[in-house]
Amino acid sequence: MKIEEADFIAEASATEYAIKNFETTLADLKKKPAQVLQPMCDFIEAGINSDKISSAELFLPKSDITIKLQMSIINLPLEYAKNINKIMVGDGVVPVNVYMIIASPFINKSKMRIDELALSDEFVKNLPDMVTQFVDWTKLQLDQIEAHEAEAADEKSEDTVD
């Protein structure tokens, strides 16, 4: 899938893209990640097949974690449309990629991580592999969050001991 850069920025700025929200618990995500993440991939696949910019958003409310699978022309979340507009230089028709995004107070200092999963056309052609890669990436990010939470808890307990 390709899109005119100006059209993408207009859609993102006006939030005229398709959004589907999902919700689960951290325990369910860890227990059956492929089952939880597959519907997000299916939604993005449908967006690509209909040439519609899309965002699948998974909320884990009790864990303060959000995971997104988004279509974009640059590695910034769609919510950052104003920043995307500043960065882009009028390249005309550009390819659309699929990005994996996780937000959590414990993922890193910026509280967000974004990684490219694939070009949109490759995503559709290799959907089973994309789901596997998304699952593996999610597990890695959850492990990072868990490790950072443990470090923060250790630091907090050390502070109270002093």
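Heads up: numbering here begins at 1 and tracks the sequence.
Remark: Lys68 NZ to Ile19 CD1 distance equals 8.0 Å, nearest 0.5 Å. Atoms CD1 and CE, from Ile3 and Met71 in turn, are 8.0 Å apart once rounded to the nearest 0.5 Å. Atom-to-atom distance recorded for Glu79:CD and Ser72:OG is 9.5 Å, nearest 0.5 angstrom. Rounding to the nearest 0.5 angstrom, the gap separating the CD1 atom in Ile65 from the OG atom in Ser104 is 5.0 Å. To the nearest 0.5 Å, atom CZ of residue Phe134 and atom CG of residue Leu69 are 4.5 Å apart. Note that CG of Asp42 and CG of Leu37 are 11.0 Å apart. Values are rounded to the nearest 0.5 Å.
Around NZ of Lys2, the count of heavy atoms belonging to other residues, nucleotides or ligands within 6.0 Å does not exceed 12. Counting non-hydrogen atoms of other residues, nucleotides and ligands closer than 6.0 Å to OH of Tyr80 gives a total of 12 or fewer.
Using a 4.5 Å cut-off on side-chain heavy atoms (C-beta onward), Asn21 and Glu23 make no contact. Residues Asp136 and Leu140 fail the side-chain proximity criterion, which asks for heavy atoms closer than 4.5 Å. Side-chain contact between Ile67 and Leu29: present, with at least one pair of heavy atoms (C-beta onward) separated by less than 4.5 Å. Residues Lys139 and Pro33 are in side-chain contact: their nearest non-hydrogen atoms beyond the backbone lie under 4.5 Å apart. Side-chain contact between Lys62 and Thr25: absent, with no pair of heavy atoms (C-beta onward) separated by less than 4.5 Å. Using a 4.5 Å heavy-atom threshold, the side chains of Leu127 and Gln38 count as touching. Put simply, the side chain of Asn97 does not reach to within 4.5 Å of the side chain of Glu122, judged on heavy atoms. The side-chain heavy atoms of Thr138 and Ile102, taken from C-beta on, include no pair separated by under 4.5 Å.
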- Could you check Trp137 against Val135 for side chain to side chain contact (heavy atoms under 4.5 Å, CB included), going step by step and ending with a plain yes or no? CA-CA 5 Å; Trp137 178 87; Val135 166; over 6 Å; no

- Message: Quick one, Ile145 with Glu149, criterion side chain to side chain contact (heavy atoms under 4.5 Å, CB included). Give me CA distance, side-chain angles, the key distance, then yes/no.
- Response: CA-CA 6 Å; Ile145 290 169; Glu149 277 182 312; 3.9 Å; yes

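Residues Phe59 and Leu78 are members of separate hydrophobic clusters, defined by side-chain heavy-atom contacts under 4.5 angstrom among Ile, Leu, Val, Met, Phe, Trp and Tyr. Using a 4.5 Å cut-off between side-chain heavy atoms of Ile, Leu, Val, Met, Phe, Trp and Tyr, with links allowed through other members, Leu119 and Ile114 fall into different hydrophobic clusters.
Considering every non-hydrogen atom in both Phe123 and Cys41, the closest pair reads CE2-O, 3.6 Å. In this structure, Ser63 and Leu26 approach most closely via the heavy-atom pair OG-CB, 3.3 Å. Looking at every heavy atom in both residues, Lys111 comes nearest to Pro105 through CG-CA, 3.9 Å. The two residues Glu116 and Met100 come nearest to each other via the heavy atoms O-CE, 4.0 Å. The shortest heavy-atom contact between Ile107 and Gln144 is CD1-CB, 4.2 Å. Met112 and Ile101 make their closest contact through CG-CG2, 3.9 Å (heavy atoms, listed as atom of the first residue, atom of the second, distance).
Checking Val93, Val96, Ile74, Ile84 one by one against Phe8, the side-chain contact (heavy atoms from CB on, under 4.5 Å) holds for a single residue, Ile84. Residue Ser55 is tested with Gln70, Lys20, Met40 for a side-chain contact (heavy atoms from CB on, under 4.5 Å); the sole match is Gln70.
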